[in-house]
Amino acid sequence: MKKDVFTLLGGFLTALLFFFGTIGVSFDWFTTESINAFVIVVSAFVALVVNVYAVWKNTHVSLYFKQLLRKKKSQKK
């Protein structure tokens with residue numbers, strides 16, 4: 001699904017490029033290569049955010065629950 005979203009983003013930007021070309025507006029930096037590079041950067045950034053969140057969740061949240069379980073066990077005794 002992630003790949004589909006990034007493909008849609010690239011398709012939208014390419015359609016925007018063609019639209020601008022049709023109405024006579026052109027930017028030197030807005031090319032097919034820059035669109036492909038932007039989609040790669042966005043997908044890499046999303047992967048980075050997901051992985052950072054997973055690392056944070058696995059270290060801090062799981063440690064919190066382990067401490068909570070130890071506390072409950074010590075209260076039962």
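The first residue in the sequence is number 1, and the count goes up from there. The model shown is predicted, which means the values in this text are computed figures rather than measured ones.
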Open item on the list: Testing the basics here: between L17 and F30, what is the closest heavy-atom pair and its distance to 0.1 Å?
Closed with: CD1-O, 3.0 Å
- [ ] Please name the pair of heavy atoms, one in L13 and one in I35, separated by the smallest distance, quoted to 0.1 Å.
- [x] O-CD1, 3.4 Å
Open item on the list: According to ring pair (Phe, Tyr, Trp, His ring centres under 6.0 Å), who are the partners of F20, at least two apart in sequence or on a separate chain?
Closed with: F27
Open item on the list: Between V25 and F19, is there a side-chain heavy-atom distance shorter than 4.5 Å?
Closed with: no
Open item on the list: Let me check something: do F38 and V46 share a hydrophobic cluster, defined by ILVMFWY side-chain heavy atoms less than 4.5 Å apart, either directly or through other members?
Closed with: yes
- [ ] State whether the side chain of S34 and the backbone N or O of W29 hold a donor-acceptor pair below 3.5 Å, judged by distance alone.
- [x] yes
- [ ] Treating Ile, Leu, Val, Met, Phe, Trp and Tyr as nodes and any side-chain heavy-atom pair under 4.5 angstrom as an edge, say whether I40 and L9 lie in one connected cluster.
- [x] no
Open item on the list: Would a single hydrophobic cluster contain both L8 and V5, if residues Ile, Leu, Val, Met, Phe, Trp and Tyr are joined by side-chain heavy-atom contacts under 4.5 Å?
Closed with: no
